[in-house]
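To keep things clear, I will list the structure first and then write my remarks on it.
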Amino acid sequence: MRINNELLKGSAVVSVITFFGHILSTVLKLLISRNYGVIGFGRYALIMALSRFLSTVVQMGFNQSIVHFVSKFKAKEDWSNINHFFISGIIQIVKVASVVIISLLLFQDILLGVVNLENGGLYTVLFVSAISSIIAINNFISGSLRGLKFFKEQAILFTSTFPLLMIISLLGLKWFSVEPPTIYHFLFIGILLNVIILSIAFVLTRRLISKRVDPSAPKSDIKGLTTYSMPIWLSSVLQNAFTSSDRIMLGIFSSITQVGIYGAGLTFSILFAFPLKAMGPVFQPYIIEYYSNNDYAGINKMYNMMVRWSSLFVIPAFSGLLCFGDHLIQIFGVGFDRAYEVMIILSIAQMISTISGIAGTMLNLTEKQGSHTKIMAMGFIITIILNLLLIPKYGAIGAAVGTGISLLITNVSRVLRLTKYYSLKTDYSIVFWLIVKFTPLVLICYGIIQQDLVHWLVLLGAYLIASAVIVYYSLSKNEKIYLKAYIGKVI
């Protein structure tokens with residue numbers, strides 16, 4: 001009961017912050033699409049895809065392994081080693097970032113020759129280098145805070161900081177610039193703002209840790225962090241190559257316009273990952289504790305709890321997209337019509353992925369990184385093959401189908417592997433009952449929309465209220481009690 005309440009409390013706080021971060025991210029993309037059109041949005045989506053992939057190379061898996069070591073050291077009140085690993089990890093990331101930046105500058109002609117970003121040249125390479133380094137350092141500091149169980153602070157840094165600062169950059173240039181700013185002007189200011197905030201975050205985190213350091217305490221060999229991170233690094237590189245290859249391959253084999261259409265559809269489907277981003281950081285330290293104590297029943301409990309809470313979000317969200325998705329996609333502006341099909345295909349795959357829970361993270365946190373790496377390698381190969389076959393002919397739709405199929409295969413493989421290692425007993429009954437409950441609501445809303453009886457925004461409001469009622473009466477008694485107490489506290 002105590003653990004359940006701690007998870008509910010931590011997840012509730014992080015969920016609010018993460019949801020706010022998702023809203024900021026969506027607003028940023030909408031502002032870019034409205035100000036720079038489908039081509040400008042496509043250029044931004046491709047730059048971010050390249051940056052996120054390279055950030056995985058730069059961070060070397062430290063962003064996940066630091067959670068393991070900090071959690072372990074904190075349990076022993078070993079603040080000297082927490083400080084040692086935190087500083088050493090940052091130094092290593094900066095070194096690798098420098099190598100990556102130099103390599104990109106040396107081979108920029110090859111990169112720009114393969115991926116057509118339609119202007120930008122050297123500036124594009126510099127932006128990709130800077131953003132990838134920013135993401136890597138952000139992830140590492142966030143992981144350190146997560147290991148210390150500063151969930152609120154890590155959620156703010158991890159989910160909200162980057163999109164908020166980029167919005168400030170875009171709006172600031174729009175309001176104060178004499179000439180219409182290009183997308184590269186907006187990226188330059190946004191990068192500067194992120195560097196300033198990350199520097200402040202590093203100093204504050206360092207000060208928080210150093211207060212409790214015992215200078216005379218022995219230090220563990222930092223090679224332990226590197227050794228533990230290697231399989232995670234390879235797995236993360238494969239995973240990011242997997243998740244970024246769709247936009248990168250669209251940029252190679254199709255056009256910037258198709259990247260923009262795909263990016264718009266991806267924007268709403270990414271929302272289905274919200275439960276994992278909100279609850280995953282809270283669950284991770286407890287998973288490590290259960291594993292350290294050989295408590296496989298606890299690991300089973302964590303997994304099924306994650307499945308349950310994720311389902312309470314993704315089933316209502318997908319039902320809403322089925323009804324109102326074609327209206328929502330129009331917010332992006334002119335030229336994004338085909339993004340609705342992309343959104344539905346990716347949303348189905350992401351919904352199933354989220355319901356599958358944090359199987360991949362569990363494998364990484366419980367010293368099964370090698371097994372997870374093999375799964376990610378398989379998923380990456382499947383993605384490349386399907387995208388090569390589908391993108392040249394079908395563009396954004398082909399990329400969505402290829403990525404969706406690969407995502408489903410990868411997540412099923414993760415769950416099967418977790419079942420093998422820990423005798424996992426999955427409980428997906430909540431998924432079945434939520435589908436049963438939401439199907440009549442979807443049919444009613446769809447019928448009203450087809451008959452054009454009321455404005456879709458009015459109907460969306462009614463849908464949200466009905467969904468909240470259904471979800472509330474699907475909660476357990478303990479969940480209802482906590483929810484009432486949390487709402488009362490907020491109000």
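The OG atom of Ser406 lies 7.0 Å from the CG atom of Leu386; values are rounded to the nearest 0.5 Å.
Ring orientation note: the planes of Tyr428 and Tyr303 are nearly perpendicular, at an angle over 60° on the 30°/60° scale. Ring pair Phe140/Phe86 is parallel by interplanar angle, where below 30° counts as parallel and above 60° as perpendicular. Between His327 and Trp456, the two ring planes are parallel [angle under 30°; tilted spans 30° to 60°].
Closest heavy-atom contact between Ser132 and Leu54: CB-CB, 3.8 Å. Across Ser245 and Ile384, no two heavy atoms sit closer than the pair CB-CD1, 4.2 Å. Of all heavy-atom pairs between Ile391 and Ser254, the closest is CG2-CB, 4.2 Å. The two atoms that bring Ser474 and Lys437 nearest to each other are OG-NZ, 2.9 Å, heavy atoms only.
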Evaluate the criterion side-chain contact (heavy atoms from CB on, under 4.5 Å) for residue pair Leu346 and Phe272; output intermediate values, then yes/no.
CA-CA 10 Å; Leu346 291 176; Phe272 288 91; over 6 Å; no

Thr267 vs Phe332, side-chain contact (heavy atoms from CB on, under 4.5 Å): CA-CA, chis, key distance, verdict
CA-CA 10 Å; Thr267 297; Phe332 280 91; 3.7 Å; yes

Between Asn138 and Asn194, is a side-chain contact (heavy atoms from CB on, under 4.5 Å) present by the stated rule, with each step listed?
CA-CA 9 Å; Asn138 184 313; Asn194 273 278; 5.5 Å; no

Run the side-chain contact (heavy atoms from CB on, under 4.5 Å) check on Leu328 and Phe268 step by step: do they pass?
CA-CA 9 Å; Leu328 293 172; Phe268 286 106; 4.0 Å; yes

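Counting only heavy atoms from C-beta outward, the side chains of Phe253 and Leu388 approach each other to under 4.5 Å. Between Phe62 and Val96, every side-chain heavy-atom pair lies at or beyond the 4.5 Å cut-off.
Annotation: Phe20, atom CZ; neighbour count of heavy atoms from other residues, nucleotides and ligands within 6.0 Å does not exceed 12. Within 6.0 Å of OH on Tyr394 lie no more than 12 heavy atoms contributed by other residues, nucleotides or ligands.
The side-chain hydrogen bond (donor to acceptor under 3.5 Å, both in side chains) contacts involving residues 44-58 comprise Thr56-Asn240, where partners must be two or more places apart or lie in separate chains.
Among residues two or more places apart in sequence or in another chain, the side-chain hydrogen bond (donor to acceptor under 3.5 Å, both in side chains) test is passed with Lys72 by none.
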